[in-house]
Amino acid sequence: MNIQLAGELLLEAERSKQTILPFTSITENISDSVAYGIQLYQIRKRVEAGAKVKGLKIGLTSKAMQEMLKVYKPDYGFILDEMIYKEQQGISLESFIQPKVEFEIAFVFDKQLKGPNVTEQDVIKSTAYVVPAVEIIDSRIENWKIQYADTVADNGSSAGAILGEKHTQLTEIEDITNIEMTLYKNSELLERATSAAVLGNPLNAVVWLANEVSHYGVTIEPGMFVLSGALSKAVEFKAGDAFEADFGVLGKVSVTFAKEVVKK
C-alpha cells in the first residue's frame, strides 16, 4: 500500500467530510508499520500546516470497545490543538462525520516519558496529575467498517478531546484500578463503569503506549496528555445532546453538542 496516497485520501476525507472505503477491503495484510506510517504521514502534514501535537489517545483498551468494533488489540492516535474543545462550549456537529463519545482518564505529564522499557513507576514519576476526559471519536472510513489497520491509519479514529478542570495527583488516589464512573446523557443515567476496564489498570495502558510509540521515534513530552482509554463503549449522539461523567474522586467532565450547526 502506498503510504502517501492513503494518507492523502484520509486527509481529503477529513476536509470534505466524505468517508472512504476501508483500506482492508482493497488490500489484505496491511502491516502495523504501514498503518502507522499512514497515520504519521497525516500528522506530519497537519503539523506542517500549523497544527501542534498536544497529546495522544489510546484506543481499544476495554472489552466493551473491542467487542463493539470487533478489533481486539489496543491502538493509538494523536491529539492536535485544533481537536481540543472546552467543556462550556456547544460543539458543532459540522466538524465530524459519524462521531461517538467516550469517557476516560487523562494523564498530564510534567516529565518526559521515553520508551522503550518504560515501567509503571516511570509513568507515575512522569505524571503531573490526572483529569476526567471526553474523547470524541470519528471515522473517515465508511460506516465504521474498520479492521485494525483501518483505525490505526485513520489516526486511531480520533476527532476531539475535552479535559475536565479538576487536577488530581496520583498520590491522592487510593486505587486507580477502582475509579467508578457514572455517565449521564441529557441528565438521565446511561451507564456505570470502573477504571479496571482499561487493561486492568489505566497505568498499564500508558506503559503500553510509551513503549509502543518509541518504535516510531515518538516521545511523550512535558505538557502533553494521554487519553488512557474508554471505560465503557462509545456512545452515539445528535445535535443538542449533553453528557456528564462523574469520576468520583477525580471530579466530573461534561460535553454539550450545539442544537444547530455553528459556523466557525
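These numbers were taken from a predicted model, which means no experiment stands behind them.
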Does the [X] side chain pair with the main chain of [Y], one donor and one acceptor, at a distance under 3.5 Å?
{"X": "Gln89", "Y": "Tyr85", "answer": "no"}
{"X": "Asp150", "Y": "Thr24", "answer": "yes"}
{"X": "Glu172", "Y": "Gln169", "answer": "yes"}
{"X": "Asn155", "Y": "Ser158", "answer": "no"}
{"X": "Thr219", "Y": "Glu221", "answer": "no"}
{"X": "Ser214", "Y": "Asn211", "answer": "yes"}
{"X": "Lys57", "Y": "Gly156", "answer": "yes"}
{"X": "Glu104", "Y": "Gly229", "answer": "yes"}
{"X": "Gln39", "Y": "Val152", "answer": "yes"}
{"X": "Thr194", "Y": "Glu180", "answer": "no"}

Looking at [X], I want to see if its [atom1] is surrounded by more than 12 non-hydrogen atoms of other residues, nucleotides or ligands under 6.0 Å.
{"X": "Gln88", "atom1": "CD", "result": "yes"}
{"X": "Glu236", "atom1": "CD", "result": "no"}
{"X": "Lys125", "atom1": "NZ", "result": "no"}

Indicate if [X] and [Y] have the same hydrophobic cluster label, given that clusters are the connected sets of ILVMFWY residues with side-chain heavy-atom separations under 4.5 angstrom.
{"X": "Ile38", "Y": "Leu21", "result": "no"}
{"X": "Leu199", "Y": "Ile105", "result": "no"}
{"X": "Val34", "Y": "Ile26", "result": "no"}
{"X": "Val47", "Y": "Leu56", "result": "yes"}
{"X": "Tyr184", "Y": "Phe243", "result": "no"}

Give me the atom names and distance for the closest heavy-atom approach of [X] to [Y].
{"X": "Ser228", "Y": "Val206", "answer": "CB-CG2, 4.2 Å"}
{"X": "Val131", "Y": "Lys166", "answer": "CG1-O, 3.2 Å"}
{"X": "Lys233", "Y": "Glu191", "answer": "CG-OE1, 4.3 Å"}
{"X": "Met83", "Y": "Phe78", "answer": "CE-O, 3.7 Å"}
{"X": "Ala159", "Y": "Ile137", "answer": "CB-C, 4.2 Å"}
{"X": "Ile20", "Y": "Leu10", "answer": "CD1-CD2, 3.7 Å"}

Heavy atoms, side chains only, cut-off 4.5 Å: are [X] and [Y] in contact?
{"X": "Thr151", "Y": "Leu60", "answer": "yes"}
{"X": "Leu183", "Y": "Leu231", "answer": "no"}
{"X": "Thr19", "Y": "Ile141", "answer": "no"}
{"X": "Lys252", "Y": "Phe247", "answer": "no"}
{"X": "Glu87", "Y": "Val253", "answer": "yes"}
{"X": "Leu163", "Y": "Leu227", "answer": "yes"}
{"X": "Val108", "Y": "Val130", "answer": "no"}
{"X": "Ser126", "Y": "Gln112", "answer": "no"}

Roughly how far, to the nearest 0.5 Å, is the [atom2] atom of [Y] from the [atom1] atom of [X]?
{"X": "Lys100", "Y": "Asp138", "atom1": "NZ", "atom2": "CG", "result": "9.5 Å"}
{"X": "Ile176", "Y": "Leu250", "atom1": "CD1", "atom2": "CG", "result": "7.0 Å"}
{"X": "Thr256", "Y": "Ile91", "atom1": "OG1", "atom2": "CD1", "result": "8.0 Å"}
{"X": "Ser25", "Y": "Ile146", "atom1": "OG", "atom2": "CD1", "result": "13.0 Å"}
{"X": "Asp241", "Y": "Phe257", "atom1": "CG", "atom2": "CZ", "result": "8.0 Å"}
{"X": "Ile162", "Y": "Phe103", "atom1": "CD1", "atom2": "CZ", "result": "8.0 Å"}

With a 4.0 Å cut-off, would you call Arg140 and Asp154 a salt bridge?
-> yes
Before giving the answer on salt bridge (charged side-chain N to carboxylate O under 4.0 Å, His left out), spell out for Asp81 and Arg46 the whole-Å C-alpha distance, their side-chain angles and the decisive distance to 0.1 Å.
-> CA-CA 11 Å; Asp81 56 346; Arg46 292 174 71 170; over 6 Å; no
Is there a side-chain contact (heavy atoms from CB on, under 4.5 Å) between Tyr148 and Ile30 once you walk through the steps?
-> CA-CA 9 Å; Tyr148 186 75; Ile30 301 171; over 6 Å; no
Could you walk me through whether Ile84 and Phe225 pass the side-chain contact (heavy atoms from CB on, under 4.5 Å) test, one step at a time?
-> CA-CA 11 Å; Ile84 298 175; Phe225 65 87; 3.9 Å; yes
Test ring-ring contact (aromatic ring centres under 6.0 Å, His included) on Phe107 and Tyr129 and set out the steps.
-> CA-CA 6 Å; Phe107 290 68; Tyr129 55 85; over 10 Å; no
Does a donor on one side chain and an acceptor on the other come within less than 3.5 Å for Glu8 and Tyr41?
-> yes
Distance under 6.0 Å and angle within 45° of the ring axis: does Lys185 meet both against Phe237?
-> no
side-chain contact (heavy atoms from CB on, under 4.5 Å) between Val101 and Glu135, intermediate numbers included = CA-CA 6 Å; Val101 282; Glu135 183 184 0; over 6 Å; no
Do Ile79 and Val53 pass the side-chain contact (heavy atoms from CB on, under 4.5 Å) test, and can you show the C-alpha distance, the side-chain angles, and the key distance before you say yes or no?
-> CA-CA 6 Å; Ile79 304 292; Val53 173; over 6 Å; no
